[in-house]
Amino acid sequence: MHVRGTVAGEVETKTVSTSYGESDLAEVPLRIAAVGDEAARTGATTRDAGSITDGGTSSDAEGGTIADADGSDGGTSAGAHLADGHEPTTVTLWNKWTESADYLEPGMELLVTDAAEDEYQGETRYKTTGDSYVVVEPSFLVNVTSIRNWVECPRLYYLNKLSGVPLNYPVVKGTLVHEVFGDLLRGRDLAESIDARVDERGLELGLLGETADAVAEDVRENATAIEGWLEQGRLTEEDSWRSEQLLISETFGIRGRADAVRRGAPVELKTGKNLKKEPRFKDKVQAACYALLLEEHGGDVDTGTLLYTKNSTLKRNEETGDLTPAKEFSMGEGLLKFVVRQRNELAAMEVAGDIPTGYEGSAKCEYCFEQDTCMVVSGRLDQESKAGQIGQALPDEELEYFERFYRAIEEERREVHREYAKLWEQSAQERADDDRALIDLEFLEKRELEGGRWELRARRTSGANSKIREGDFVLASDGHPVRGNSELAIIERLDDEIVLTADEPVEVTRLDVYPSELTTDRLLVAMHDFLLKGDERRKDVLFGRADPEFETVEETFIDNNDAQNEAVRMAVGAEDFALIHGPPGTGKTYTIARAIRAMVERGERVLLSAFTNRAVDNALEALLDQIGDVIEEDGVASPTQRNGDGEAVDVVRVGSESGVRDDMEPYRLERSGNPEDRVAKLQNAQVVAATTATCGSRVMKEQAFDVALVDEAAQLTEPGTHAAANLAERFVLVGDHEQLPPVVRAENDLTESLFERLVDLYPEAGVMLDRQYRMNQRIQVFASNEFYDGQLRPAEPEVAARTLDDLEGVSRDTLPPELRDPVSFVDVEGDGGRYTDGEEAARIADLIETYEAAGLERSDIGVIAPFRAQVSEISKHVPDDVAVDTVDRFQGSSQEVIIVSFTATGTLEGPIFEDYRRINVALTRPKRALVLVGDSRALASDPVYKRMLEWARA
DNA sequence: TCTCTGCCCAGAGGA
């Protein structure tokens with residue numbers, strides 16, 4: 001039977017004499033969550049456990065045997081122990097599993113498979129058996145490559161995570177050969193595959209200075225060896241192959257993608273050489289990880305195959321050694337258990353937030369090719385390290401900064417891991433309710449595509465929403481993302497009918513969001529680069545050791561708005577950085593565009609970035625409008641724009657097809673194509689626009705800029721801002737810290753943006769744009785007084801006086817008197833719902849009808865609510881062409897009329913109302929009319945909302 | 001259960 005629970009106290013380790021001699025044991029006090037054949041193993045709820053039908057994994061079979069031998073039945077004892085699970089139960093871990101016990105701390109999760117029940121002084125206990133695996137924090141999914149790196153050296157694993165892997169040819173070639181291998185397994189023609197795969201990586205190859213022909217030849221050499229070996233196998237035996245399978249083990253807490261699975265056993269491809277008889281140890285470890293994954297998915301694996309393709313390209317006379325590419329080895333239980341113990345050590349360290357020293361492993365530093373890097377990082381970060389330290393440690397404030405942000409980023413990572421665990425810990429319905437899955441789909445068809453991939457189609461049977469979008473990676477399954485038949489797929493189209501592509505066919509009935517650590521990884525690397533690779537002068541300024549400097553610029557860039565003009569001057573003249581504070585409607589996007597144009601005219605190369613694709617595209621559009629004036633004069637309609645002097649300005653948007661807005665597609669840099677051509681396109685671009693996440697990509701990290709301009713900077717974490725700023729000599733941040741802060745999963749230091757910190761630290765390095773072009777004077781008053789010290793004013797009399805009367809066919813006189821003022825309040829007591837309010841929704845529907853009757857277009861009206869639930873409630877009451885959304889999603893846009901639903905009865909409770917920046921955003925979206933709908937008693941209970949009420953009713 | 005965007009996934013290799 002399997003035992004699962006939470007460590008409830010200190011672990012006691014001792015050595016005892018047994019009939020086999022001396023043995024180690026560790027006694028773990030465990031608060032038991034589940035005991036049984038299935039529920040405990042998977043950590044699933046009892047209800048979920050019942051739905052599992054295939055009890056076919058080998059460990060289950062063994063588990064059953066042990067339970068029978070003991071004469072006890074896991075299923076029945078489960079209920080008994082769950083009921084009195086408050087008192088910790090002692091679980092004894094024997095022999096080598098005591099190693100894993102060493103990492104246990106109270107509060108950690110522990111799983112013991114195939115445990116035996118024990119009576120000791122009238123108390124029920126559990127102990128490991130010969131078949132047991134002990135898994136520490138099983139819900140923390142560790143990557144196979146992470147385990148592989150960790151086994152090589154824990155410090156190497158850490159360095160990889162911290163500094164990332166830069167673009168280099170061996171890695172790109174290795175990836176290409178793997179892709180071709182996958183294609184061959186799916187039956188694609190070799191020559192065709194090579195051409196297609198090399199073409200797809202045109203941009204990267206170009207950056208590496210490679211030509212398509214040379215790379216294709218190199219890949220062909222390796223791939224031909226594989227092809228030959230595959231042919232041999234086909235001739236001699238009935239092979240069943242599966243390529244590139246993503247596997248998740250909820251028992252062992254491992255995830256990974258096997259290159260190939262042949263007759264149920266893993267095959268790993270390596271592009272390097274190995275002249276020894278045996279595979280390298282770390283390669284065996286990798287294969288063993290896949291074996292564990294495959295066992296959980298119903299296999300029984302006792303061999304692994306390593307394929308060293310370079311072996312077959314070597315000449316006999318070059319070296320004496322074993323030149324056969326394929327090396328098979330048998331996988332014993334000892335290796336599998338070793339791998340699990342290593343995984344435990346890694347998981348425990350990650351969960352505790354510790355940093356490895358290298359002493360955990362046995363690798364010899366003098367043989368390590370990362371020795372120098374390791375010593376430098378250890379030295380500069382003042383970390384204990386087996387390799388030793390070189391260089392001077394960073395100043396204390398920088399070390400403190402590193403630790404603070406490392407901790408914060410790792411907390412974010414653990415949140416991502418919790419998302420993985422929900423794949424099996426939550427039921428399908430819970431996942432769907434959480435918008436993380438689309439369930440109950442009707443499978444329509446599968447179709448093999450050219451190149452061996454598959455197109456899958458399914459239809460929705462309900463109108464349920466989810467956060468899944470086109471271009472996303474999802475787990476497509478025939479029922480369960482982890483236990484069922486499941487493939488990593490890409491959403492190609494998402495209407496009532498859903499179109500996906502995947503490597504292998506699945507009869508899709510369910511789609512789950514596949515969480516990604518990518519953003520977290522990039523934040524960590526960005527912080528590392530800032531502290532360890534960055535410019536000393538920048539650090540002096542950002543750590544308050546030197547003041548930011550500005551070159552005086554006399555030129556007038558914008559002649560009817562002093563603050564905007566000053567902002568452009570500061571942006572252009574900044575030696576270090578400049579800050580542009582742009583409250584709602586103050587033309588910050590225009591100001592950015594003007595500043596970029598000025599920089600480009602000075603011959604500078606500019607990076608334009610923001611957190612979201614939408615913000616990047618908005619800013620890019622404004623820039624194109626500026627330089628676009630000249631195109632129209634010249635009649636040049638191409639992505640190459642011309643500047644004021646008639647010189648070509650090359651603008652490139654870097655991003656994925658699904659991320660970039662359709663009208664910016666002509667500017668998007670396609671990654672595939674001829675390497676020389678691709679790289680020229682990027683290197684010649686004077687303006688490159690990309691999200692901050694993309695700025696952390698290998699391709700973007702090869703680029704250098706004079707200036708980085710970051711829009712919506714108040715919504716970026718500090719490391720996120722570095723991702724863009726690291727690529728440039730100086731930077732300009734544009735944003736408004738009185739609007740919404742960065743979105744982070746955990747409560748931590750990431751919630752304050754670099755923008756806000758610098759505004760506080762160096763107010764003189766910034767300008768606030770104080771003229772707004774959006775709101776009627778009456779609408780603007782509250783936000784101006786409450787959030788901008790009364791500094792925000794209408795840019796022109798026309799703006800101050802704008803009303804609905806200005807719109808064609810609209811007359812305020814036909815509105816009821818209470819709606820004629822630009823700001824009105826509609827008191828609705830509400831239905832007392834927590835996250836919805838049907839009465840408010842109904843009232844809002846009436847209001848929309850009233851506005852329509854007065855001649856307003858429905859598309860001119862927007863409705864804002866604090867909760868997603870209320871957004872869908874309102875959507876049920878109002879026509880489709882009225883935009884209804886959360887505050888968060890309305891940021892950055894505006895409407896003629898905005899109706900705000902407060903969704904609170906009696907009191908204002910909950911964190912959503914505590915952040916006043918959210919009301920600032922909601923109240924500053926309208927141009928001509930704002931209607932607040934809510935319960936006046938609730939609103940009056942908070943001083944800020946009370947002032948808002950007084951203003952609205954005045 | 002408060003809000004929620006990014007990112008071709010994970011792994012690719014050197015000695």
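A note on names: the letters A, B, ... follow the listed sequences, proteins ahead of strands, and every chain is numbered from 1.
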Asks: When you compare the side chains of A/Ser658 and A/Glu470, does any donor N or O come within less than 3.5 Å of an acceptor on the partner?
Replies: no

Asks: Taking only the C1' atom of each, what is the distance from B/dA12 to B/dC8 in whole angstrom?
Replies: 14 Å

Asks: With sugar-phosphate meaning primed atoms plus P, OP1 and OP2, does A/Asp433 contact a base, only sugar-phosphate, or nothing at under 4.0 Å between heavy atoms?
Replies: base

Asks: With respect to the phosphate group of B/dC7, does any side-chain polar atom (N or O) of A/Ser697 fall under 4.0 Å of OP1 or OP2?
Replies: no

Asks: Can you measure A/Asp885 atom CG to B/dC2 atom C1' for me and round it to whole angstrom units?
Replies: 15 Å

Asks: Once you round it to whole Å, what is the distance between P of B/dC2 and CD of A/Glu415?
Replies: 13 Å

Asks: Quick one: label A/Thr692 by what it contacts on the DNA or RNA (base, sugar-phosphate, nothing), any heavy atom closer than 4.0 Å.
Replies: nothing

Asks: Going by the rule salt bridge (Lys or Arg N to Asp or Glu O under 4.0 Å), which residues pair with A/Glu415 if we only count those two or more places apart in sequence or in a different chain?
Replies: A/Arg418

Asks: For B/dG14 and B/dA10, measure between their P atoms and round to the nearest Å.
Replies: 23 Å

Asks: Output all residues satisfying side chain to side chain contact (heavy atoms under 4.5 Å, CB included) with A/Ser893, sequence neighbours left out; order by chain, then residue number.
Replies: A/Phe890

Asks: Report the residues that fulfil ring pair (Phe, Tyr, Trp, His ring centres under 6.0 Å) with A/Tyr916, sequence neighbours left out, ordered by chain and then residue number.
Replies: none

Asks: Any side-chain N or O of A/Thr694 below 4.0 angstrom from OP1/OP2 of B/dG6?
Replies: no

Asks: Checking A/Glu738 now: which residues fulfil side chain to side chain donor-acceptor pair (under 3.5 Å) with it, not counting sequence neighbours?
Replies: none

Asks: For B/dC4 and A/Arg868 - does any side-chain N or O of the residue sit under 4.0 Å from the phosphate oxygens OP1/OP2?
Replies: yes

Asks: Quick one: is B/dT3 close enough that its OP1 or OP2 comes under 4.0 Å of any side-chain N or O from A/Arg889?
Replies: no

Asks: Using the P atom as the point on both nucleotides, what is the distance between B/dT3 and B/dC7, in whole Å?
Replies: 23 Å

Asks: Quick check for you: among B/dT3, B/dC7, B/dT5, whose closest atom lies nearest to any side-chain atom of A/Asp888?
Replies: B/dT3

Asks: What pairs with A/Ala260 under side chain to side chain contact (heavy atoms under 4.5 Å, CB included), at least two apart in sequence or on another chain?
Replies: A/Phe181, A/Leu185, A/Trp241, A/Val267

Asks: Can you give the dot-bracket line for DNA chain B, using ( ) for pairs inside the strand, [ ] for pairs that cross earlier ones, | for pairs with another strand and . for unpaired bases, where Watson-Crick and G-U count if both distances are under 3.5 Å?
Replies: ...............

Asks: Return the set of residues passing ring pair (Phe, Tyr, Trp, His ring centres under 6.0 Å) with A/Phe755 (not counting sequence neighbours), or none when no residue passes.
Replies: A/His737

Asks: Assign A/Thr886 to base, sugar-phosphate, or nothing according to its heavy-atom contacts below 4.0 angstrom with the strands shown.
Replies: sugar-phosphate

Asks: How would you list, by chain and number, every residue that makes a side chain to side chain contact (heavy atoms under 4.5 Å, CB included) with A/Arg661, sequence neighbours excluded?
Replies: A/Asp617, A/Asn618, A/Glu621, A/Asp663, A/Met664

Asks: Can you give one letter per nucleotide of nucleotides 9-15 of chain B, 5' to 3': B if a protein heavy atom sits under 4.0 Å from the base, S if only from the sugar-phosphate, - if neither?
Replies: BBBBBBB

